[in-house]
Each structure stands twice: as structure tokens, then as C-alpha cells.
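Right, one structure below, let's go through it.
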Amino acid sequence: MVPPSLTLDQFLCTHKPASSADAWSLRHLFASIGLAGKRLAQDLRRAGLLNILGTTGETNVQGEAVKKLDQIANDTFVESFQQSKVVCALGSEEMEKPLLMPEHWPNGPYVVLIDPLDGSSNTDVNMPLGSIFSIMTCRRKDQPPSGDDLVRKGTEQIAAGYLCYGPSTMLVLTIGQGVVGFTLEPETGDYLLSHKSIRIPTRGKVYAANEGNYLKWTSGMKQYIDRLKVRDKTAGRPYSGRYSGCMVADIHRLLLNGGVYLYPGEIDKPEGKLRLLYEANPLAMVVEQAGGAASTGTMRIMDVEAKMLHQRVPLIIGSVEDVQEAEACIQGRA
Ligand code: FBP
């Protein structure tokens with residue numbers, strides 16, 4: 001008889017985080033992330049029936065039209081973290097200012113950054129979506145959190161991960177000891193361990209990039225993408241293009257099969273589109289913990305100095321050899 005899979009909580013009871021984080025409160029934090037994910041997955045499964053498609057009519061701090069589901073996702077996570085009482089500061093793609101919860105401090109030591117709904121262009125067309133989270137602890141033990149506690153380097157993360165809302169809902173996470181994946185069992189509502197130790201292949205056969213931006217790219221970036229299309233049996237080329245409009249879904253594919261996702265800087269916008277603190281940093285921690293790499297094209301993502309809550313950064317992420325090759329082209333060394 002196949003032994004039953006570990007639940008998320010059982011896993012966290014039996015696997016110590018690499019950091020000194022307190023295991024009990026970390027379990028509580030992941031339970032609140034899991035709960036928000038379940039509630040969101042339920043809404044997404046019935047979105048077309050609930051009048052929650054389309055936009056709210058507002059514009060967010062990124063200058064983007066806010067989708068109703070963006071707002072619902074943000075509210076769902078905020079509510080879950082408030083109920084958990086273990087989060088003392090929260091930053092979100094959908095909130096211009098941080099939400100400080102000093103009433104939860106010091107017993108609630110966690111500082112969390114989220115992209116509540118990744119892949120917003122997919123919301124109304126029943127395509128994959130994701131949620132991304134980055135976890136740190138309050139820097140100072142002697143004073144309640146401030147906004148500065150959120151704006152820090154990726155190397156200060158103690159845990160990170162994402163929820164992927166696809167044919168099944170998955171929660172993929174790292175607590176600094178490798179990467180694991182849980183699949184939501186809709187019957188019982190449990191997250192069950194389905195991927196015990198995710199290791200990304202050192203090289204892949206797939207790339208994910210919005211080639212509609214090709215003419216805006218630097219010559220090094222163009223050279224790299226052109227190179228992926230040239231037949232070269234030894235290098236396993238040409239690569240296949242796979243771009244879903246949802247970075248979480250694209251990176252989930254790479255984690256399992258290898259390859260590279262690129263949202264580079266552009267000649268007129270060298271910082272690119274994606275946000276450092278709640279998109280690039282958490283995905284970089286997950287991919288690095290799985291044996292991959294994450295770069296701006298010229299430096300490691302998690303070493304990038306954090307200056308602003310909604311700071312943007314170019315992102316090249318995936319299999320080590322693919323990221324190194326992209327860097328060599330972008331830096332004119334290839
Ligand atoms: P959101 O968090 O606003 O959805 O932005 C991130 C994202 O949607 C990624 O998931 C996706 O890979 C990329 O932006 C798509 O951007 P573009 O439409 O410019 O290709």
C-alpha cells in the first residue's frame with residue numbers, strides 16, 4: 001500500500017528551516033498562505049460564474065489597470081495574514097504603501113512580500129495564474145517593524161515560493177533546504193507532498209520570452225535569442241518557445257524540465273518590467289535552491305541592492321548553463 005503523502009503541516013513539523021526561524025510560527029505562516037491559496041483557487045475555478053472577471057476601473061501603483069481578481073487576491077492574502085497574527089509587515093504589488101501590523105510584533109516576526117496574482121493578462125481567458133511570496137524576519141528585535149524592513153536584499157530571505165493555479169493547484173516552496181512541491185487535494189483541502197526534492201536540469205530545451213519586445217532589446221539579448229533558434233545538435237538546439245503570459249507557470253515548467261525564462265531590460269527601459277522584491281527575489285531563491293540560477297544579465301538577482309518597494313529589475317532565470325550563456329551574450333563575451 002502506497003504510504004499517504006505528507007501534508008504541508010506534517011512536512012513543516014519534520015523539516016527544520018535553514019534559518020533560526022521558529023518552527024511553530026513558520027507553520028502558522030505557511031498555513032495562512034495555503035489557506036489564501038485555497039480560497040483563491042476556489043474563486044478562479046468558478047470565476048466566469050461569479051462576475052469577478054474584468055477590471056475594477058482603478059489603476060495600481062505600477063500604472064496598470066487593476067483586474068477584479070487582482071484586488072480579490074490581494075484582499076484574500078491580507079485577510080489571511082491578519083488572521084495568522086504572525087506577520088508584522090506586508091508589501092504587495094497591489095498596495096502602494098506597506099501594511100504594517102505592529103500589534104503582531106514581536107511574537108509575529110515575519111515580514112512578507114507578495115505578488116497576489118501573477119499573470120494578470122491571463123485572468124479573463126482561463127489561462128494559468130500564480131501567487132508569489134517572499135519571507136524574511138524583522139531586522140531589529142528591539143523595535144516594531146517599519147517600511148525599511150521590507151526593502152532588503154534577496155539574500156536576507158528565509159523562505160520563498162509560489163502557488164501555481166493550473167489544472168491542479170500547487171504550492172512550491174523553499175525554507176532554505178532545497179525545494180519541495182505540494183499538490184492541493186480538492187476533496188480534503190490538504191496540500192499533499194507530491195514533489196519531494198525538485199532539482200532543475202543544468203540545461204534545458206525551452207525558452208520563455210515575449211519576443212514581441214525583440215526590437216526593444218539590446219544587441220546582446222537579440223544575439224542570445226537568435227542563437228537559440230540555430231540548429232546545433234550537440235547543444236540541443238533549436239530550443240522551443242513556451243511563453244504562457246504567467247511567469248509562475250513558465251518557471252514551474254523550467255524547474256521540472258530545465259530551460260530559461262527571460263524578461264530582460266530594454267534599450268529605453270534598462271530596468272525591465274518585473275519587480276525585484278515580490279517577483280524576482282522569491283523566484284530566484286526557489287530556483288537557486290533547486291540548483292538553478294537567476295541574474296539581471298550582469299549580476300546575481302539576490303545580490304541586487306534593494307532601494308524601493310516597487311523597484312523593477314531585468315530577469316534571466318532558469319538552468320545554470322542557459323543563464324550563464326545568456327549572460328555571456330548580454331555582456332558581449334560570447
Ligand atoms: P503581473 O504580476 O502584473 O501579472 O506581471 C507579471 C507578468 O504577468 C508575468 O507573469 C508574465 O510573464 C509577464 O508579466 C507578461 O508580461 P508581457 O505581457 O509584457 O509579456
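Each ligand, and each atom within it, is numbered from 1 in the order the structure gives.
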Open item on the list: If you take the nearest heavy atom of each of Tyr261, Tyr278, Tyr243, which one is closest to atom 20 (O) of ligand 1?
Closed with: Tyr243
Salt bridge [X]-[Y], side-chain N to carboxylate O under 4.0 Å:
| X | Y | result |
| --- | --- | --- |
| Glu211 | Lys229 | yes |
| Glu271 | Arg312 | no |
| Glu325 | Arg237 | yes |
| Glu266 | Lys273 | no |

For the 3.5 Å polar cut-off, considering only N or O atoms, please tell me whether [X] and ligand 1 meet it.
| X | answer |
| --- | --- |
| Gly119 | yes |
| Asp250 | no |
| Asp115 | yes |

Hydrophobic clusters here meaning ILVMFWY residues chained together by side-chain heavy-atom distances under 4.5 Å, can you tell me if [X] and [Y] are in one?
| X | Y | value |
| --- | --- | --- |
| Leu184 | Leu171 | yes |
| Leu192 | Ile175 | no |
| Tyr278 | Ile317 | yes |
| Ile33 | Met136 | no |

I need the atoms of ligand 1 closer than 4.0 Å to a non-hydrogen atom of [X], numbered in the order shown.
| X | answer |
| --- | --- |
| Asn210 | 17 (P), 19 (O), 20 (O) |
| Glu64 | 3 (O) |
| Gly245 | 8 (O), 10 (O), 11 (C) |
| Arg275 | 1 (P), 2 (O), 3 (O), 5 (O) |
| Met247 | 9 (C), 10 (O), 11 (C), 12 (O) |

TODO: Give the contacting part of Ser120 toward ligand 1: side chain, backbone, both or neither, where contact means a heavy-atom distance below 4.0 Å.
DONE: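 For Ser120, backbone and side-chain atoms both sit under 4.0 Å from ligand 1.
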Which protein heavy atom lies closest to [atom], and at what distance to 0.1 Å?
| atom | value |
| --- | --- |
| atom 19 (O) of ligand 1 | Tyr263 OH, 2.6 Å |
| atom 14 (O) of ligand 1 | Lys273 NZ, 2.8 Å |
| atom 3 (O) of ligand 1 | Glu93 OE2, 3.0 Å |

Open item on the list: Parallel, tilted or perpendicular, judged at 30° and 60°: which one describes the rings of Phe77 and Phe81?
Closed with: tilted
